[in-house]
*Asks:* 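So that we are looking at the same thing, I have put the structure below in structure tokens.
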Amino acid sequence: MERAGIPGVLITALPDLAQRVGANRIVAGVRMPHPVGDPSLPLEKERALRRRIVETALKALQTEVGEPTVFIVAKSGP
Amino acid sequence: MDKIKVAHYINQFFAGIGGEEKTDVGPAWRYGPIGPGIALQAALGEEGEVVSTIFCGDNYFNQNLDKAKEQVFSFVAQASPDILVAGPAFDAGRYGLACAHVCTTVAERLNIPVVSGMHLQNPGVELCRRLTYIVESGESAAAMRRVTAVMAGLALKLGRGDQIGPPAAEGYIPRGVRRNVLVDKNPGQRAVEMLLKKLKGESFVTELPLPTFSPVPPPSAIHDLRDAVLALVTEAGVVPKGNPDRLEWTRATKWIKYDIAGIDDLTGDAYTSAHGMAAGKFADEDPDRLLPLDVLREMEKENVFKKLLDHYYVTVGNGTSVESATKYAHEIAKELLAQGVDAVVLTGT
Amino acid sequence: MAKIRVVHYLNQFFAGVGGEEKAGTPPVSRDGPVGPGKAFQEVLGQRGEIVGTVFCGDNYFHEDLERTKREVLDLIAGYRPDVLVAGPAFSAGRYGLACAHVCLDAVQRLKIPAVGGQHPDNPGVGLCRSQVYIVVTGETTAGMRQAITTMAELAWKLAMRKTLGTPEVEGYLPRGVRRNVFVGEDGAERAVKMLLQKIRGELFTTELPLPTVDAVKPPLAVKDLKEAVVALVTESGIVPKGNPDHLESAQASKWIKYDIRGKADLTGEEFMSAHGGYDNRFGNEDPDRLVPLDVMRELEQEGRFKQLLNHYYVTVGNCTSVESGRQYGKEIATELLAQGVQAVVLTGT
Amino acid sequence: MRLEWGTFLVKDAVFGHKTQLSDGVLSIDRDGLRSFLAQDPNLGAIDVEIVHPGDETRIVHALDVVEPRFKVAGHGSTFPGLLGPPHTVGEGRTHRLRGVTVVQTADIPHRLRPTQWDEAIIDMSGPGVEYSPFGKTVNVVVGLRPVSGLTPEEYDTSLLLGGLRAAEYLAKSTADLQPEQVETFELGPVTPGLPKVAYIRVASGTNDVAIYGAKSEAMTPTLIHPNEILDGAVVNLNWGFASERNVTYVQLNNPEVLALYRHHGKDLNFVGVVMSGSGARSQWEKDRNAEHLSKLARLLGAEAAIISWDWGGSSQFDLMLTCQKCEKLGIKTVLVVVEMDQSLIFSTPEADAIVSPGITDEVVELPEMKRVIGGETLYKTGWEAKGRLEVPVRYLMASTNRLGFHCLTARQS
């Protein structure tokens, strides 16, 4: 996709793997079965988390990167 | 016994037309060998003959992919060669890609063996390794003589229909086509022997060389998100309920695009996931967890960005080969470019 | 130095009134020491004085326990003693029990320390050991002098509020009450040293001797279940919602019975788990998981047993002591027997 | 694996404009620490107080006690899996402040509501000082009040991380200083023939410890190097009975590990540590758990083992099964068993050697104090926190600590 010149951002639960394979803009998602959500949270909290993840993704699209870079989502707690 | 007829594809530089300033030159052809073709002919000796050389500017080829491929194919076909030789392109990216496209097209449509020469890291390798014997050429053209000789040797063997040996012996890059072979020891014994060699510092040959991924230069960032058109692409297998187009749960053979115009949220009763790993409770409860449409629509309304494409593109990454993924990406990218998409949001499990 | 005032309790035999034929003598008091009391006085010397002796026939004592205890206590209280000495009773059962009751009353009602003297197997020991200092004696009066000396010394120390040494040093039965003591090394260091002794086969003393659980002879099986009244008893802490009687989540101080007449099922709306030792979610969702009322009712309707008792009995086992467990068991059992229950189904977590 | 503790002896702590240690006095930038802890958006109010041995002061609602630690060299970081990535520690050098601790106080943690919370008290003077090991240290008391609307998991996590971050913050001030004392821990070779001794940890609560940041309850028993324990791999999660609590300070200075290291090479050969996954809730699971623990000790070649009962009531069953199975394998055992009023209901003849770190039910009289930190009234009883108290030893922080950190035992009286 990027080789065709389109800037892309990949939201994935395995950012390290994505980095090694060469994706350039990566956002660390939650877990593999639900990279952009967290079922353990109450619905409106999960929705807010999803918003924070996608906002990070859009921020990544507007950021120059020299090589594969992982963007961490600001979350509370470990 | 008549000679093995060889068609030779090279770029504008090796054809002597010119360097970067001539890279936009369109396809053309000449009888007989030109430039590196002369060394190729010498290596073929009496057994083979370079009947025609086809060349094209690297930029022209990559910018006008379909048209260039058609023209070059027709020039090759008219020479009705027994073998196609392309390159060697060493580490030149655009030249390597051009060779790869020519090799795949000729192999698929003319059904004749094709030989090329590239550095392992050349982007062209991924594109055509399955159908082409690519001689590992190293990075610099200084190795031209050695590489051409190996390519010629392979071309003659293929022309004669001989049995081709393993990659390490014949000097070509493993084509990713692995065959089962019966040996006398089981993996446990072989592993111990390999380990002992490793411990003693002796040389050993790994049975499974791991793929390396050639870096893709990052496209420049978007300057003004507010007038950018975004597209959603996912390998998480999010498809309409019932998986109407039978997207495979593993080893996906295709990608599909689905219309989401006017849809603000992916709900469990309309969508599901076909992905072997991601399918299940979480996806069925709320597919947005795999493809965040709800949040992107919200941002679209707040015009954080101009527009979300009316379709999203989906495939399944689970167990799908790098080649297929690369192929699908090419095809999807072409569609996105055609629809003026400025940036892509991809989700992966 | 003020002399301590001691009252001595004896049975009719040691008071010289007579043997079995005089076992019905009612309680009598006499100033000064009587019988073994004289030896006590000798040991006490100037430090204390046996101001009075109270004695009573062993049979009389047990005919009407409450009446005799009141009479004996009044006689003792009359002397305003600093400490009560009872016995020594050696292995005499009725005499030992009498001493135990008298000592308990002295400690609980007159708030003065009490010293007994009995063989460890004497039934009186179990009754009062946690509140009364019982000097360990042999089975027969042969050990009289030794017993009296130890009892006198102990009585004096208790009256003078001196800090006592360990049970082994002072000669009394460990009262089952354990006290914290500060020592020079931390627990881990002591553990390592003990382990080394154990490895080398050297003698070591464990800091916590484990109790042997007293085996209970299994009662006879239920002959005819169809005629049996069955009761449900549990330690799982299932109580009506809100825990109205505040059953503790650990170290429960009581048991409670709740009415289940007409109830075919324990629901999460009406009942909850107050037990602190396991994850209560499952019990709160469906208390039947801990107290199987739904199934018991079904079996009752099918006539598999005559009737389920109208109440179930509940306490919490989490860190509740064996003694309390035994006590609650006894009390619940008496109620069950009074209601003609022939079999009990107990559930524990 | 070779670990060095770089120890700094701290005599006193005072508030100052900069957090730094100089000749035994730790000055703390109070607002600097509070804003550092405020990086967690889930923490609403944060107070910081300092109390000294001898003050007529009482700390109540204490959750955990943490020794200030900062890893300066070697693989891994401070409190791995919680403050840093879950990478193996136990090598290189870690700085630690001796004589000063961080004590988190907070309202009732979610996890213990509504039934299982109990008061946790540290008295800085009076008879209480003897009972809790932290009556004699300078304590930096960090009062944490999470914001409302958090999930139970978020609420408790913010309390846990608040204490650990404060401890790292204090120790980090010594990053470029040279420690006065360096202690080295290494299971080096010993003269042959010394008895091989392992340390087995049995637990069963749902929130006992975090190992590299993950709760241990679902874990199959595992081997762990003693240095990992001394270097922050195991952190306390349990806020149950105060006297038995293996607070993080005790986890980091695990007494069994330190005792076995003291004897290593002299009269025994310390071969390693086996940790229980805990969480066994049925006979089958407890049996499997105990088999696994005793097998791992055997794999270490242990001829003897110290077994500590880290937490839980029903895990007394796991403890005794483990003891029984070890002894049957010829591994001689000594158990460290805290006493509650209840006598142990499950005992096996093999459990003939037990060390008792004290009994929790004895009642202690504590005098009235001039100042109280962490709360106005006691949990459950509602008594005035500052007043004269008659409380069971169970309320005094880590007094009958299950790992046997304190010099207390219980005797027949």
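Reckoned from all heavy atoms, side chains included, excluding hydrogens, waters and symmetry mates. Numbered from 1 within each chain, the chains take letters A, B, ... in sequence-line order.
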*Asks:* I'd like to know if the side chain of C:R178 and the backbone of D:T409 have a donor-acceptor N/O pair within less than 3.5 Å.
*Replies:*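 Looks like no, no N/O pair under 3.5 Å.
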
*Asks:* Tell me, side chain or backbone of C:E189 under 4.5 Å from chain D's heavy atoms, or both, or neither?
*Replies:*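 Both backbone and side chain.
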
*Asks:* Roughly how far, to the nearest 0.5 Å, is CG of D:L258 from CG of C:D186?
*Replies:*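 Taking CG in C:D186 and CG in D:L258, the distance rounds to 8.5 Å.
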
*Asks:* Kindly check if the number of other-residue, nucleotide or ligand heavy atoms within 6.0 Å of NZ (D:K196) is above 12?
*Replies:*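 At most 12 heavy atoms, drawn from other residues, nucleotides or ligands, come within 6.0 Å of this atom.
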
*Asks:* Could you have a look at D:H263, D:R262, D:E256 and say which one has the most heavy-atom pairs with chain C under 4.5 angstrom?
*Replies:*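 Of D:H263, D:R262, D:E256, D:H263 has the most heavy-atom pairs under 4.5 Å with chain C.
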
*Asks:* Heavy-atom distance under 4.5 Å to chain C: side chain of D:Y199, backbone, both or neither?
*Replies:*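 For D:Y199, no heavy atom lies under 4.5 Å from chain C.
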
*Asks:* Of the backbone (N, CA, C, O) and the side chain (C-beta and beyond), which part of D:V257 lies under 4.5 Å from a heavy atom of chain C, both, or neither?
*Replies:*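 Neither part.
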
*Asks:* Among C:L164, C:L196, C:T205, C:V181, which has the most heavy-atom pairs under 4.5 Å with chain D?
*Replies:*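 The residue among C:L164, C:L196, C:T205, C:V181 with the greatest pair count is C:V181.
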
*Asks:* Using ring-ring contact (aromatic ring centres under 6.0 Å, His included) as the criterion, list what pairs up with C:F271, not counting sequence neighbours.
*Replies:*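 Result, ring-ring contact (aromatic ring centres under 6.0 Å, His included) vs C:F271: none returned.
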
*Asks:* Which atoms of D:L408 are under 4.5 Å from chain C, going by heavy atoms: the side chain, the backbone, both sets, or neither?
*Replies:*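 It is both, since atoms from each part get that close.
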
*Asks:* Pick one of side chain, backbone, both or neither for D:E303, based on which atoms fall under 4.5 Å of a heavy atom in chain C.
*Replies:*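 Neither part; nothing is under 4.5 Å.
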
*Asks:* Quick check for you: among C:P167, C:A191, C:P174, which has the greatest number of heavy-atom pairs under 4.5 Å with chain D?
*Replies:*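 Ranked by contacts with chain D, first place is C:A191.
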
*Asks:* Which residues satisfy the side-chain contact (heavy atoms from CB on, under 4.5 Å) test with D:A398, sequence neighbours excluded?
*Replies:*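 D:P133, D:F134, D:N401.
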
*Asks:* As an exercise: rank C:I199, C:N243, C:T206, C:N180 by heavy-atom pairs under 4.5 Å with chain D and give me the winner.
*Replies:*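 Looking at each of C:I199, C:N243, C:T206, C:N180 in turn, C:N180 comes out on top.
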
*Asks:* Determine the option with the most heavy-atom pairs under 4.5 angstrom with chain C, choosing from D:L260, D:V197, D:T333.
*Replies:*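 Answer, by heavy-atom pair count under 4.5 Å with chain C: D:T333.
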
*Asks:* How close do C:L195 and D:K332 get, counting heavy atoms only, and between which atoms?
*Replies:*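 Scanning both residues completely, I find the closest heavy atoms to be CD1-O, 3.7 Å.
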
*Asks:* Could you pull out the closest heavy-atom pair between D:H406 and C:F182, with the gap in Å?
*Replies:*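 The pair with the smallest heavy-atom distance is NE2-CE2, 4.2 Å.
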
*Asks:* Hey, are the side chains of C:R190 and D:V334 touching, using non-hydrogen atoms and a 4.5 Å cut-off?
*Replies:*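 Of all side-chain heavy-atom pairs linking D:V334 with C:R190, none is under 4.5 Å.
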
